[in-house]
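Taking it in order: structure first as structure tokens, then the write-up.
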Amino acid sequence: MLKMTDITYGVEGRHLIEHASVTIPTGHKVGLVGRNGTGKTTLFRVIRGEMVLDTGNIDLPRGWKIGGVSQEVPGNEVSLVDTVLAADTERAELLAESETATDPNRIADIQTRLTDIDAWSAEARAATILRGLGFTNDEQKQPCSAFSGGWRMRVALAAVLFSEPDLLLLDEPTNYLDLEGALWLENYLTRYPHTVIIVSHDRELLNRSVGGILHLEDKGLTYYTGNYDSFVKQRMAKRAVQAAAAKKQALQRAHLQSFVDRFKAKASKAKQAQSRVKMLEKMETIRTPEDAARTVFTFPKPEELSPPIIATEAAAVGYGNHIVLHDLNLRIDQDDRIALLGRNGEGKSTLSKMLSNRLQIARGQMTTSNKLRIGFFAQHQVDELYVDETPLEHLIRERAEEGQAKLRARLASFGLGPDQADTAVGRLSGGQKARLSLLLATLPAPHLLILDEPTNHLDIESREALVEALTAYTGAVILVSHDMHLLSMVADRLWLVKDGHVKPYDDDLQSYRKMLLTPDKPAPKDKPKPIKAKATRDEILALKSDVRKAEDRVTKISDMRDKLAKKLADPVLYEDSRKGELATWNQKYAEIMNGLDRAEALWMQALEKLEQAQNPKL
């Protein structure tokens with residue numbers, strides 16, 4: 001287990017954590033959450049031993065290997081798959097030694113150890129991880145120098161996953177993944193055999209991949225059992241209890257002070273008054289939980305245009321003689337909320353560039369409204385901000401006629417207060433830079449807003465504020481994002497970009513997720529596909545019975561989960577005198593959630609068997 005006892009550390013004389021203690025059991029998957037700037041990344045550095053603690057200790061089991069992605073792999077001539085294979089240093093060293101070893105006993109020991117660590121399947125495992133993160137089989141053989149920094153970060157992630165450290169530390173890994181890669185990682189982490197701590201602001205990932213939340217707030221660490229949604233409920237209940245206790249104490253203080261003020265001058269009551277003064281002095285103040293300043297985004301309202309604002313007919317687009325997308329017959333109205341789905345390289349960025357007039361069509365027709373204004377946000381624009389200028393100077397360049405007072409108000413409406421407005425962009429956090437880029441994209445009140453991964457570097461509160469702003473926005477929105485929560489809350493239409501075409505995707509996001517996570521199983525090339533015998537009536541009845549039993553099991557466990565969730569929402573349970581009872585209920589809730597996952601998997605298996613029996617040709 002990972003045990004942190006009474007730890008205190010800081011940066012540049014400012015403490016980020018003070019006297020915090022927490023224990024993470026071996027094998028647990030934990031999400032580390034907290035507002036930007038609270039010190040989550042620094043905590044990882046402390047765990048890795050890169051920073052010295054001011055007080056306290058961090059204890060790990062002897063021999064534990066810690067792994068994480070700190071920087072991209074070098075742009076050298078080593079292939080992607082060989083780069084990943086080299087991350088398992090023990091395997092690499094044993095293979096190298098096997099080439100030169102002459103002692104029969106040593107050769108036998110090497111071969112035994114290679115078998116123990118499953119060295120012979122290593123290349124297949126490395127290829128599977130790289131494929132999950134978006135690299136084709138041909139790309140895996142190419143040198144690292146053929147890929148940009150963002151893609152080499154994916155290779156670095158693949159390498160650390162392949163090496164399987166005992167403690168895996170991941171800091172916002174989905175920031176350089178697309179939706180498909182993020183979903184693959186989410187699924188991979190649930191099966192990872194060792195301890196994981198992941199810093200993430202992706203609600204869906206934290207709901208599906210972790211069983212505990214480590215919350216960094218007010219220089220303290222608090223561990224909550226359950227996924228992110230469970231953490232939110234527990235925290236709200238805890239804050240309600242804290243607020244109630246603070247209110248009760250304030251009334252008690254007022255009562256004691258009233259007695260002191262009234263009788264301190266009377267000799268007959270002097271002792272009682274002095275006693276109450278001592279009670280007041282000994283009383284430890286219970287502070288009312290403070291709500292952090294709420295993050296907001298305020299998008300300007302565009303005037304209404306006649307529909308459609310964009311329409312294409314038999315259009316094609318690409319680069320030079322290479323056509324990426326064909327036969328585009330699309331229509332966009334001002335009230336559309338469209339999410340672009342599709343694996344990397346299928347053409348989502350190409351489509352976005354075409355719709356924003358950054359790329360001309362090669363043939364066909366595209367018509368747009370005469371007064372159409374388009375706002376475009378992409379991660380590369382965040383990187384292209386002027387690092388030596390302040391956010392205010394960026395706005396002055398665009399809208400000097402408005403005056404500083406109004407421009408500062410615009411910055412404030414995107415969560416950039418007076419301090420940030422006058423700070424050089426190079427010193428701002430990633431989230432603050434992203435907010436500035438969003439402000440610049442929406443400054444002209446666009447009728448169409450195209451957002452390519454807008455949530456990178458935004459914390460959960462900022463992501464929720466973005467959802468609210470996009471919901472209230474009166475222009476059209478086109479989204480490319482790995483954030484399933486954002487897509488599910490904003491998009492009402494799904495377009496699938498695949499095989500050179502763009503078509504409506506009629507199923508929902510969960511169906512798309514399931515499709516991506518279902519491995520392709522091509523039929524054998526040399527052997528004909530066996531003809532399945534049709535199931536008998538009794539066999540089908542038995543399978544239907546299995547489905548009903550599995551469904552009933554899921555229903556019962558779901559009811560138990562709901563009752564436990566209601567129990568955990570009771571503020572009384574969080575009183576100091578009931579800490580032991582709270583731990584018991586949290587443990588039961590975790591067991592119920594694990595049981596529900598297994599029951600749902602068995603239900604899906606039973607349904608698939610029944611469908612296969614009823615349709616043997618499928």
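In this text, all values refer to a predicted model and were calculated from it rather than measured experimentally.
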Under 4.5 Å between any side-chain heavy atoms of [X] and [Y], yes or no?
X      : Y      : value
Leu438 : Leu451 : yes
Tyr192 : Leu168 : yes
Leu16  : Leu216 : no
Glu77  : Ser145 : yes
Met484 : Leu509 : yes
Val46  : Ile17  : no
His194 : Trp64  : no
Glu90  : Arg113 : yes

> Which is it for Tyr9 and Val52 under the side-chain contact (heavy atoms from CB on, under 4.5 Å) test, yes or no, and what are the steps along the way?
Replying inline: CA-CA 8 Å; Tyr9 66 84; Val52 178; over 6 Å; no

>> Working note: Asp109 + Thr112, criterion side-chain hydrogen bond (donor to acceptor under 3.5 Å, both in side chains); need CA distance, chi angles, decisive distance, verdict.
In response: CA-CA 5 Å; Asp109 290 342; Thr112 299; 5.4 Å; no

>> One pair to check against side-chain contact (heavy atoms from CB on, under 4.5 Å): Gln140 and Arg131. What are the steps and the verdict?
In response: CA-CA 8 Å; Gln140 293 176 26; Arg131 192 160 50 249; 3.9 Å; yes

Is it the case that the side chain of [X] and the backbone of [Y] share a donor-acceptor pair, with hydrogens and angles ignored and the cut-off at 3.5 Å?
X      : Y      : result
Ser356 : Lys353 : yes
Asp229 : Asn207 : no
Thr136 : Glu139 : yes
Lys40  : Arg35  : yes

Where [X] and [Y] come nearest, the two heavy atoms and their spacing:
X      : Y      : answer
Phe135 : Val155 : CZ-CG2, 3.7 Å
Tyr505 : Met515 : OH-SD, 4.5 Å
Leu133 : Trp151 : O-CZ3, 4.2 Å
Val497 : Leu351 : CG2-CD2, 4.3 Å
Ser349 : Asp452 : OG-OD2, 4.0 Å
Lys433 : Gly426 : NZ-O, 4.4 Å

> What orientation do His215 and Tyr224 show, parallel under 30°, tilted 30 to 60°, or perpendicular over 60°?
Replying inline: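 Because their plane-to-plane angle lies in the 30° to 60° range, the rings of His215 and Tyr224 count as tilted.
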
> According to the interplanar angle, ranging from 0 to 90°, do the rings of His501 and His326 count as parallel (below 30°), tilted (30 to 60°) or perpendicular (above 60°)?
Replying inline: tilted

>> Out of the candidates Leu80, Val78, Val84, only one should pair with Asp82 under the side-chain contact (heavy atoms from CB on, under 4.5 Å) rule; please name it.
In response: Val78

Could you tell me the separation between the [atom1] atom of [X] and the [atom2] atom of [Y], rounded to the nearest 0.5 Å?
X      : Y      : atom1 : atom2 : value
Leu157 : Arg152 : CG    : CZ    : 15.5 Å
Leu494 : Arg337 : CG    : CZ    : 14.0 Å
Glu180 : His482 : CD    : NE2   : 11.5 Å
Gln432 : Ser437 : CD    : OG    : 12.0 Å
Thr455 : Arg463 : OG1   : CZ    : 4.0 Å
Tyr228 : Asp202 : OH    : CG    : 11.0 Å

Would [X] and [Y] count as having a side-chain donor-acceptor pair, cut-off 3.5 Å?
X      : Y      : value
Asp459 : Ser462 : yes
Tyr319 : Thr350 : yes
Glu464 : His485 : yes
Tyr176 : Glu453 : no
Ser230 : Asn227 : no

>> Please determine whether side-chain contact (heavy atoms from CB on, under 4.5 Å) holds for the pair Ile58 and Ile47, giving the CA-CA distance in whole Å, both sets of side-chain angles, and the decisive distance to 0.1 Å.
In response: CA-CA 7 Å; Ile58 294 180; Ile47 294 173; 4.3 Å; yes

>> So, using side-chain hydrogen bond (donor to acceptor under 3.5 Å, both in side chains) as the criterion, who are the partners of Glu97 when residues are at least two apart?
In response: Arg106

> Would the number of heavy atoms belonging to other residues, nucleotides or ligands and lying under 6.0 Å from CD of Gln111 be above 12?
Replying inline: yes

>> Please check if the number of heavy atoms outside Lys65 that lie under 6.0 Å from its NZ is greater than 12.
In response: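 Yes, because the 6.0 Å sphere around NZ of Lys65 holds more than 12 heavy atoms from other groups.
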
> Do Arg513 and Glu204 meet the salt-bridge criterion of a basic N to acidic O distance under 4.0 Å?
Replying inline: no

>> Going by side-chain contact (heavy atoms from CB on, under 4.5 Å), name the residues that satisfy it together with Glu384, two or more places apart in sequence or in a different chain.
In response: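 Residues passing side-chain contact (heavy atoms from CB on, under 4.5 Å) with Glu384: His380.
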
> Going through the distances and angles, do Arg343 and Asp178 end up as a salt bridge (charged side-chain N to carboxylate O under 4.0 Å, His left out)?
Replying inline: CA-CA 8 Å; Arg343 296 183 184 276; Asp178 53 15; over 6 Å; no

> Step by step, would you call Val69 with Met153 a side-chain contact (heavy atoms from CB on, under 4.5 Å)?
Replying inline: CA-CA 8 Å; Val69 183; Met153 286 298 293; 3.7 Å; yes

